[in-house]
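I have placed the structure first, in the form of structure tokens, so that the comments after it can refer back to it.
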Amino acid sequence: MGRMHSPTATHCPYCALQCGMNLRPAAAGPGVTVAERPDFPVNRGALCGKGRTAPALLSSRVRLTEPLIRAHATGQLEPATWEEALDAIAEGLTLTRRSHGPDAVGVFGGGGLTNEKAYALGKFARVALGTSQIDYNGRFCMSSAAAAHQRAFGLDRGLPFPLADVPRTGCVILVGSNLAETMPPALRYLTELKENGGTLIVVDPRRTKTAEQADLHLAPRPGTDLALALGLLHLVVAEGRTDEEFIAARTAGWPEARAAAMAHWPELVERITGVPVPKLREAVRMFCAPEAAMVLTARGPEQQSKGTDTVGAWINLCLATGRAGRPLSGYGCLTGQGNGQGGREHGQKADQLPGYRKLTDPAARAHVAGVWGVDPDSLPGPGRSAYELLDALGGEVKALLLMGSNPVVSAPRAAHVEERLRSLDFLAVADVVLSETAALADVVLPVTQWAEETGTTTNLEGRVLLRRQALTPPPGVRSDLSVLHGLASRLGVAKGFPEDPEEVFEELRRASAGGPADYSGIDYARIAEEDGVFWPCPEGGTGTPRLFLDRFATEDGRARFVPVAHRDADEVPDAEYPLLLTTGRVVAQYQSGAQTRRVEELNAAAPGAFVELHPRLAERIGAVEGGPLEVVSRRGRAVAPARITDAIRADTVFMPFHWPGEGRANSLTNPALDPVSRMPEFKVCAVRVRPA
Ligand SMILES: Nc1nc2c(c(=O)[nH]1)N[C@H]1C(S)=C(S)[C@@H](COP(=O)(O)OP(=O)(O)OC[C@H]3O[C@@H](n4cnc5c(=O)[nH]c(N)nc54)[C@H](O)[C@@H]3O)O[C@H]1N2
Ligand SMILES: Nc1nc2c(c(=O)[nH]1)N[C@H]1C(S)=C(S)[C@@H](COP(=O)(O)OP(=O)(O)OC[C@H]3O[C@@H](n4cnc5c(=O)[nH]c(N)nc54)[C@H](O)[C@@H]3O)O[C@H]1N2
Ligand code: SF4
Ligand SMILES: [Mo]
């Protein structure tokens with residue numbers, strides 16, 4: 001690995017906090033080491049263990065350094081040249097397209113990809129392949145919050161304010177976020193909130209490290225947040241705590257939403273959620289007492305087959321109490337992946353064009369087609385959502401190009417998804433390591449990593465950031481942009497897929513101009529000068545750290561209440577499957593673990609899956625600490641050691657989803673989809689558990 005000037009100011013490759021860090025050449029040998037970057041405001045120098053150890057993956061020992069092609073004779077993946085590999089992919093995709101039409105070719109992207117890559121991938125699907133069949137793993141992440149944002153506010157930016165506002169509000173309800181483990185440096189914002197006299201309410205079926213910080217912890221049964229939020233709104237109305245002036249001036253739809261909430265009286269909500277009425281009253285008092293308050297959600301309430309309505313109910317609570325569109329108040333979603341925000345704005349989503357434009361909007365199609373130099377009528381329409389696309393593999397979709405995801409581990413009903421991937425005529429995967437999904441491919445392309453390339457990401461605050469190249473990639477790997485360039489030219493599109501990220505960003509600026517997520521005023525130099533620029537930022541304008549203070553982004557400027565009613569999870573416990581399974585994360589592993597399982601220090605800290613269960617349940621089924629437990633759902637079976645703790649409800653077990661094989665939590669999960677966002681129900685399914 002070569003060297004460049006030191007130190008290089010950049011950002012972490014993992015989560016949506018996008019912590020700032022400096023990279024310095026290692027004291028001895030090749031590579032870089034991570035140093036603090038105290039001047040970057042979001043994390044002020046703090047990093048979690050994943051960020052600190054990220055350079056370990058840059059070493060060639062653990063990563064892919066040459067393309068691989070599956071040999072017909074042996075069935076094994078064998079080293080190949082880049083020319084051979086790109087030719088093979090172009091041929092595989094072309095053959096499928098020729099015999100079955102363009103929609104038989106699918107593309108699957110990721111929320112970890114930079115804005116430039118996400119933009120180029122969406123364009124590649126629509127222009128070079130002409131397929132409608134593109135979606136990405138962000139569908140599994142924050143799509144329910146995104147849909148609810150759109151419905152209520154007319155715009156989806158995860159946080160409508162900078163994180164720096166959080167310690168200055170009066171009360172935060174944090175719903176289904178374990179940020180002490182999933183964004184450790186962000187915990188500081190909550191401790192500062194309390195130091196400033198504010199209060200923290202955490203809603204989580206488990207008493208997590210985050211919940212331990214709370215003034216009030218509500219532990220509902222998984223899948224019942226919708227009832228909980230409605231119950232709180234009911235009490236707000238009953239106790240006369242609504243803000244009628246705000247409702248009249250800034251919102252629409254209150255009478256219907258109010259009526260829906262009134263059908264969820266406290267005793268009913270206690271019965272559904274398991275949260276006692278006095279605690280509901282206490283939460284309402286804490287939320288309504290101060291001048292300003294916030295509700296923040298993460299995957300707990302969102303990854304449900306009613307995630308969009310659930311987030312809608314929390315938004316209704318904010319609107320009814322005048323806690324939105326005002327300083328230090330509002331609803332926000334804590335987006336997850338490194339570019340979870342930007343990755344959902346620029347076109348790798350099935351229904352979307354760059355700038356968060358709609359693929360079904362004729363004006364949007366005309367604008368983007370103009371930038372791309374193609375006929376608007378040549379752009380395909382919306383395609384399938386992520387799970388539906390994976391489910392269609394081997395059926396109507398016969399070839400797939402995948403970049404930035406590892407669905408063999410991370411998709412719901414993973415054994416079925418794995419089988420669908422195996423049934424493809426052709427699978428190509430670009431990755432930095434041989435992930436469980438890459439291992440199934442016909443062609444594998446080794447790509448550059450964060451420290452070896454330049455590009456922008458948009459963090460959970462909507463702040464567009466610049467990751468800078470700090471070292472030369474090893475010979476044999478190429479960037480994702482170079483892959484798309486090479487494939488497009490082989491598919492007969494010689495122009496429009498540059499390899500240089502800044503050139504791609506300049507085009508993205510034009511494509512997003514005038515759209516909801518307008519980046520046209522942002523450029524690489526400006527990002528560096530301003531510690532990131534908040535979108536929307538029109539050409540010649542300033543960035544927008546705070547949204548909705550004067551008006552919401554709907555046509556009439558009013559926020560929309562949505563009347564929602566509680567409904568059960570797709571699966572509820574019964575005699576055969578009497579328990580609830582919920583899933584999530586641990587601090588030392590990231591997502592499917594493809595990257596962090598290859599980092600020694602992290603793997604030592606979290607070597608494998610486990611099943612968290614309450615002592616009463618353990619006693620009933622005869623489980624002992626560390627002993628193997630078999631967990632069975634209607635989709636399949638997993639085995640992992642027991643971890644007995646009174647920090648979880650006795651009717652619920654929890655598994656982290658970072659591992660393949662026997663401990664794969666997603667062998668069990670339910671792919672029931674939210675009707676609006678198409679989000680799968682990762683957080684609730686029915687299981688039975690017994691010692692293996
Ligand atoms: N260490 C680590 N950090 C990460 C990641 C990682 O993989 N590892 N991934 C990143 C990404 S992409 C994301 S999306 C974020 C996710 O960040 P979080 O949303 O904080 O992570 P999860 O652990 O999935 O879920 C959060 C909590 O939801 C709770 N929960 C489960 N079911 C329910 C329910 O029905 N209702 C409620 N209210 N809560 C429930 C779980 O007990 C869990 O504590 O983390 C990001 N940061
Ligand atoms: N049961 C359960 N399942 C879940 C969840 C849950 O809470 N419970 N959470 C869901 C959520 S929120 C998410 S976000 C998904 C995430 O799950 P995945 O989509 O599987 O996410 P990663 O493990 O980050 O996969 C990214 C892959 O791309 C590779 N990669 C990293 N950077 C790049 C790059 O720049 N280019 C290319 N070509 N490849 C790259 C990595 O090595 C890795 O193999 O999991 C979902 N699955
Ligand atoms: S919190 Fe997220 S962005 Fe920050 S160092 Fe950890 S993984 Fe990286
Ligand atoms: Mo995520």
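Position 1 is the first residue of the sequence, and the numbers go up from there.
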Are the side chain of Glu461 and the backbone N or O of Leu163 linked by a donor-acceptor pair below 3.5 Å? yes
Hey, is the main chain of Leu547 close enough, under 3.5 Å, to the side chain of Arg157 for a donor-acceptor pair? no
Within the 3.5 Å criterion, strictly below it, is a donor on Thr456 or Tyr524 matched to an acceptor on the partner's side chain? no
List in chain and number order the residues that pass side chain to side chain contact (heavy atoms under 4.5 Å, CB included) with Arg551, two or more places apart in sequence or in another chain; answer none if no residue qualifies. none
Side-chain heavy atoms of Val368 within contact of Arg126, under 4.5 Å: no
Taking the inter-plane angle between the rings of His346 and Tyr519 on a 0 to 90° scale, is it parallel (under 30°), tilted (30 to 60°) or perpendicular (over 60°)? perpendicular
Trp254 vs Phe561 aromatic rings, parallel, tilted or perpendicular, using cut-offs 30° and 60°? tilted
Can you check whether Gly158's main-chain N or O pairs, donor with acceptor, with Gln341's side chain at less than 3.5 Å? yes
Is there a side-chain contact between Ser144 and Thr310 (heavy atoms, below 4.5 Å)? no
Does Thr199 offer a backbone N or O that forms a donor-acceptor pair with the side chain of Lys194 under 3.5 Å? no
Closer than 3.5 angstrom, by distance alone: can the side chain of Arg558 be matched with the main-chain N or O of Ala248 as a donor-acceptor pair? yes
Would you find a donor on one side and an acceptor on the other, under 3.5 Å apart, between the side chain of Thr169 and the backbone of Val166? no
Any side-chain heavy-atom pair from Asp165 and Arg546 closer than 4.5 angstrom? yes
Would you check if there is a donor-acceptor pair between the side chains of Arg344 and Gln352 at a distance under 3.5 Å? no
Within this structure, what is the CZ-CG distance for the pair Arg151 and Asp156, rounded to the nearest 0.5 Å? 13.0 Å
Students often mix this up, so state it plainly: with edges at 30° and 60°, are the rings of Phe140 and Phe108 parallel, tilted or perpendicular? tilted
Distance-only polar pair, side chains of Ser305 and Glu681, donor-acceptor under 3.5 Å: yes
Is the backbone N or O of Leu379 less than 3.5 Å from a side-chain atom of Arg365, with the two atoms forming a donor-acceptor pair by type? yes
Quick one: do the Arg384 and Gln133 side chains pair a donor with an acceptor below 3.5 Å? yes
Do you see a donor-acceptor pair shorter than 3.5 Å between the side chains of Ser410 and Gln591? no
With side chains defined as the heavy atoms from C-beta onward, is the minimum distance between Phe682 and Arg299 less than 4.5 Å? no
Please state whether the rings of Tyr331 and His149 are parallel, tilted or perpendicular, taking 30° and 60° as the class boundaries. tilted
Looking at Arg509 and Glu539, does any basic side-chain N land under 4.0 Å from a carboxylate oxygen? yes
I'd like to know if the side chain of Thr224 pairs up with that of Thr273 as donor and acceptor (distance under 3.5 Å, no hydrogens or angles considered). no
With the side chain counted from C-beta on, respond yes when Trp314 and Leu228 share a heavy-atom pair under 4.5 Å apart, and no when they do not. yes
Parallel, tilted or perpendicular: which one describes the rings of Phe548 and Phe153, with boundaries at 30° and 60°? tilted
Would a distance-only check, ignoring hydrogens and angles, find a side-chain to backbone donor-acceptor pair under 3.5 Å from Asp309 to Val564? no
Asn339 and Thr114: side-chain donor and acceptor closer than 3.5 Å? no
Tell me whether Arg241 contacts the main-chain N or O of Leu233 through its side chain, where contact means a donor paired with an acceptor under 3.5 Å. no
Short question: side chain of Gln348, backbone of Gly343 - any donor-acceptor pair under 3.5 Å? yes
